[in-house]
4 protein chains.
Amino acid sequence: MTAKITKPASKAPRKKAAPAPADEDGTRSRILNVAIQEFSRLGLSGARIDEIAAETGANKGMIYYYFGNKEGLYVAALEESYTRFRQIEHGFHLDELPPIPALRALVGSTFDYHAQHPEFIRMVMTENIHNGEYIRKIPTLKAINKPAIGLLEGLCARGVEEGVFRPDVDPVDLHMSISALSFYNVSNQHTFSFIFGRDLKAADVHAKRREAVIDMILRYVRA
Amino acid sequence: MTAKITKPASKAPRKKAAPAPADEDGTRSRILNVAIQEFSRLGLSGARIDEIAAETGANKGMIYYYFGNKEGLYVAALEESYTRFRQIEHGFHLDELPPIPALRALVGSTFDYHAQHPEFIRMVMTENIHNGEYIRKIPTLKAINKPAIGLLEGLCARGVEEGVFRPDVDPVDLHMSISALSFYNVSNQHTFSFIFGRDLKAADVHAKRREAVIDMILRYVRA
Amino acid sequence: MTAKITKPASKAPRKKAAPAPADEDGTRSRILNVAIQEFSRLGLSGARIDEIAAETGANKGMIYYYFGNKEGLYVAALEESYTRFRQIEHGFHLDELPPIPALRALVGSTFDYHAQHPEFIRMVMTENIHNGEYIRKIPTLKAINKPAIGLLEGLCARGVEEGVFRPDVDPVDLHMSISALSFYNVSNQHTFSFIFGRDLKAADVHAKRREAVIDMILRYVRA
Amino acid sequence: MTAKITKPASKAPRKKAAPAPADEDGTRSRILNVAIQEFSRLGLSGARIDEIAAETGANKGMIYYYFGNKEGLYVAALEESYTRFRQIEHGFHLDELPPIPALRALVGSTFDYHAQHPEFIRMVMTENIHNGEYIRKIPTLKAINKPAIGLLEGLCARGVEEGVFRPDVDPVDLHMSISALSFYNVSNQHTFSFIFGRDLKAADVHAKRREAVIDMILRYVRA
DNA sequence: GATGAATGAGCGTTCATTCAT
DNA sequence: AATGAATGAACGCTCATTCAT
């Protein structure tokens with residue numbers, strides 16, 4: 001995975017990640033969906049090109065045709081995972097709510113997305129195991145994630161203005177705390193559940209944890 | 001042909017799993033130390049038996065002699081990582097401090113251990129990628145981790161008694177929050193640092209984050 | 001770690017197990033022929049995948065591509081050996097001869113085939129060393145061998161009818177005797193030749209033995 | 001197994017195969033007994049030194065101490081198997097019987113010994129798979145087996161003299177036929193039983209086959 | 001005699017990748 | 001676009017053998 005991969009060059013189509021729904025059930029799309037499942041399930045070195053091809057119902061050659069090599073496919077899967085993740089924010093209309101309910105909604109939604117998309121969490125875990133080596137190759141990634149901070153900045157400013165938030169809360173730091181509490185619940189669920197005998201997926205445990213996380217964030221920012 | 005799939009069982013020495021410091025530079029110990037580095041660096045499927053043997057300065061066969069197979073070595077490395085981790089608590093003397101400083105110390109120490117032992121964080125990440133499949137094979141693990149909760153329970157009770165803590169904080173939930181905030185800082189540092197352009201390892205960033213985490217936990221439990 | 005022990009299943013081509021002579025010099029065919037030589041020469045555990053691939057002039061991976069694993073290749077080689085063996089009977093036209101010359105011809109031909117195909121004898125020896133474990137996985141094998149008994153049944157019936165054979169000879173038992181006497185001559189030639197100082201491959205010894213076997217069978221069935 | 005084994009030299013004890021019952025439960029004896037089981041069960045390349053040592057309850061080193069190497073142990077096991085086999089003849093008192101009952105007894109006993117000692121048959125099969133390469137290293141082997149022919153020679157002579165046997169039967173040839181019919185029944189039982197659906201170990205099948213073999217030999221020699 | 005640890009060569013198998021069609 | 005066949009490097013693991021004690 002390191003020295004083995006001579007730059008692919010990917011002489012092929014790479015239609016800019018072709019996000020158009022037109023290709024929705026095209027071979028490329030199907031490969032990408034299966035790849036997300038497999039990479040998130042087994043990691044970069046654990047996933048198998050053969051397996052991905054087989055589950056896609058396509059030939060192995062197609063993967064190389066569209067993505068150059070295993071690394072190229074992984075990078076595409078990683079980018080797609082982040083793209084889908086950040087699209088939740090498009091659904092927010094925080095401006096229509098007062099700061100506290102708005103923050104409550106944002107934390108809750110973030111927590112829920114994590115819970116509902118373990119494959120995203122696992123992609124991020126895998127990428128961190130690889131020291132973020134591949135995410136650096138995705139130039140769009142920073143842009144994709146920036147709005148998240150913007151949203152929080154606006155919200156914090158409004159909260160401070162209205163006197164309900166502390167003035168000394170760093171939005172990036174706040175974002176990190178929300179992420180950490182939402183992420184850990186999924187990322188570490190297997191070890192935590194086993195060690196402490198508390199099934200994090202159980203409905204009541206999950207609901208209580210969700211409230212605790214929201215509560216913790218709110219107590220942290222409150223004036 | 002058939003006998004090949006017999007469970008490893010590691011008929012060899014396994015001198016009580018915890019090789020006393022006397023054995024510190026024995027072959028088994030050296031293998032285990034290298035294994036922790038390699039598994040944490042590359043994951044279960046990414047690590048190479050050959051590489052571990054070479055770095056140990058031992059013969060490949062020794063790994064099988066002492067640990068049965070790659071999985072056996074991984075499990076041993078995982079167990080050892082947890083054992084070392086939980087030994088920090090032996091250094092705590094929380095009873096000698098009032099609840100708030102005690103909690104502050106505990107959170108700070110936890111945060112620091114995580115920051116100073118990325119190989120432990122990475123072992124846990126890897127294990128969660130594998131759905132906690134291997135941790136379940138370590139019967140001692142629950143016992144190793146139980147004291148952490150006991151400590152927090154005592155502390156919470158004392159804090160409530162003294163009127164400085166809220167009475168409705170669940171110690172396991174609190175433990176989880178402390179862990180999450182400490183863990184994420186290391187586990188997700190590569191993606192986070194890249195995406196938000198904030199180097200989590202930089203001294204000032206790290207110090208500020210440490211304070212923020214302590215602050216968040218304290219605000220959460222305060223009466 | 002887990003997926004490793006999935007049954008081979010040989011998801012590959014297996015073009016009806018019996019590669020038509022058209023495929024005679026295809027890679028699969030060449031592998032199979034070399035495999036018969038190697039397994040018969042060295043047994044299942046003694047034969048080497050590397051060696052078979054090298055002698056085939058093919059890549060080792062091709063063996064796994066076509067046959068799944070070493071065992072799959074061995075089973076295919078065993079089946080092919082039996083198939084070739086039983087085809088000798090297609091050349092018999094026993095009905096055109098009176099019972100005694102017909103039986104004489106059949107015994108002689110059987111004896112000769114064994115003598116001329118030591119690789120078949122050795123495959124069968126190897127399989128018996130393995131307690132017939134693999135032959136049971138070849139569903140066609142019984143069908144392949146059944147005609148041999150049919151032939152003898154017909155011959156015996158005719159011989160009894162014509163009054164030249166005893167009526168109480170069991171065809172399966174007779175088949176077994178013919179096989180035993182033909183088989184042993186090849187299977188045990190090395191130990192027998194050494195111990196009793198009689199080279200079973202020497203032309204005169206061989207011819208005399210051939211006659212003795214035919215004679216013994218004829219004396220056994222004669223009325 | 002071929003080039004790998006540089007002449008052992010076996011600087012150790014090798015007390016002339018130490019057949020003395022005094023050593024009966026000594027380490028060497030136990031190793032040898034286990035070796036016969038393992039080599040006959042799995043062949044030369046299939047048997048494992050580790051396994052033999054483990055089942056013996058001894059250390060692997062002991063095998064090398066007493067037998068030099070794997071090949072030396074195999075040769076010793078082979079020799080011991082033949083020695084035990086030929087001792088049945090010591091129990092015969094054929095002179096006390098008329099030729100026909102005597103031959104009947106001899107064939108029956110031979111058939112029975114084979115049936116009761118499959119480990120011997122399997123050792124001989126294994127040795128023939130190896131082209132008798134190792135038996136040649138046992139100088140005593142010819143002497144061990146010679147009496148078998150002497151016995152038959154005497155019996156044939158007596159039978160001819162008394163006018164009950166044909167005069168043109170070659171004793172070695174006769175010995176071979178008796179061996180072949182007795183050997184095949186055990187050596188090929190797995191393939192034969194499977195292919196023809198007749199369990200050769202079933203009591204009635206076995207008894208009938210025993211009679212058929214005796215009958216066949218008698219019809220062959222009868223005047 | 002006996003043991004546990006160690007070695008090195010090699011074995012069966014996997015897998016990312018390529019290529020002719 | 002798509003396929004089946006082919007390749008080569010490497011990987012996890014085994015095993016006969018040796019050696020210090």
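As the structure is a computational prediction, the values presented were derived from the model and not from experiment. Letters A, B, ... mirror the listed sequences (proteins, then strands); counts begin at 1.
Comparing Ser45(C) and Gly61(C) by the nucleotide of DNA chain E whose heavy atom lies nearest to each, the residue mapping closer to the 5' end is Ser45(C). The nearest heavy atom of DNA chain E to Lys60(C) and to Ala58(B) marks one nucleotide each, and the one closer to the 5' end goes with Ala58(B).
Between Ala53(A) and Asn59(A) the shortest heavy-atom distance is CB-C, 4.1 Å. Of all heavy-atom pairs spanning Glu127(A) and Ile135(A), the tightest one is OE2-N, 2.6 Å.
With 3.5 Å as the limit, one finds a donor-acceptor pair spanning the side chains of Arg122(A) and Asn131(B).
Counting non-hydrogen atoms under 4.0 angstrom, Ile49(C) reaches a base of the nucleic acid. Within the nucleic acid shown, Ala53(C) has no heavy atom closer than 4.0 Å to any nucleic acid atom.
Rounding to whole angstrom units, CD1 of residue Ile52(D) and C1' of dT17(F) are separated by 14 Å. The distance between atom CG of Asp50(A) and atom C1' of dT7(F), rounded to the nearest whole Å, is 14 Å. Computed from coordinates, the Ile63(D) CD1 to dC15(F) P distance equals 14 Å when rounded to whole Å. Leu73(B) places its CG atom 16 Å from the P atom of dC11(F), with the value rounded to the nearest Å. For the pair Glu71(C) CD and dC11(E) C1', the interatomic distance rounds to 16 Å; values are reported in whole Å. Atom-to-atom, CZ of Arg30(B) to C1' of dA5(E) comes out at 12 Å; the value is rounded to the nearest Å. The CG atom of Leu42(A) sits 11 Å away from the P atom of dC15(E) (whole-angstrom rounding). Across the protein-nucleic acid pair, Lys70(D) atom NZ and dT14(F) atom C1' stand 11 Å apart, rounded to whole Å.
Checking dG12(E), dC15(E), dT18(E) against every side-chain atom of Tyr64(A), the shortest atom distance belongs to dT18(E). Relative to the side chain of Tyr65(B), the nucleotides dG4(E), dA16(E), dC15(F) differ in distance, and dG4(E) lies closest. In this structure, the nucleotide among dG12(E), dT7(E), dG1(E) sitting nearest to the side chain of Met62(B) is dT7(E).
dT21(F) and dG1(E) are spaced 23 Å apart, taking the P atom of each and rounding to whole Å.
Sorted by first and then second residue, the salt bridge (charged side-chain N to carboxylate O under 4.0 Å, His left out) pairs involving residues 38-47 of chain B (not counting sequence neighbours) are Glu38(B)-Arg41(B). Note on residues 43-54 of chain B: pairs passing salt bridge (charged side-chain N to carboxylate O under 4.0 Å, His left out), not counting sequence neighbours, are Asp50(B)-Lys60(B).
Qualifying ring pair (Phe, Tyr, Trp, His ring centres under 6.0 Å) partners for Tyr74(D), counting only residues two or more places apart in sequence or in other chains: Phe39(D), Tyr134(D). The side chain to side chain contact (heavy atoms under 4.5 Å, CB included) test applied to Thr56(A) returns Arg30(A), Ile31(A), Val34(A), Ile52(A), Ala58(A), not counting sequence neighbours. Contacts of Gln37(A) classified as side-chain hydrogen bond (donor to acceptor under 3.5 Å, both in side chains), with partners at least two apart in sequence or in another chain: none.
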Nucleotide-level pairing of DNA chain F, given in dot-bracket where Watson-Crick and G-U pairs need both distances under 3.5 Å and | marks other strands: .||||||||||||||||||||
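For the pair Arg48(D) and dA16(F), the criterion of a side-chain N or O lying under 4.0 Å from OP1 or OP2 is met. Thr27(B) has no side-chain polar atom (N or O) that falls below the 4.0 Å cut-off from OP1 or OP2 of dA5(E).
Remark: the Asn59(D) side chain and the dG4(E) base include a donor-acceptor N/O pair separated by less than 3.5 Å.
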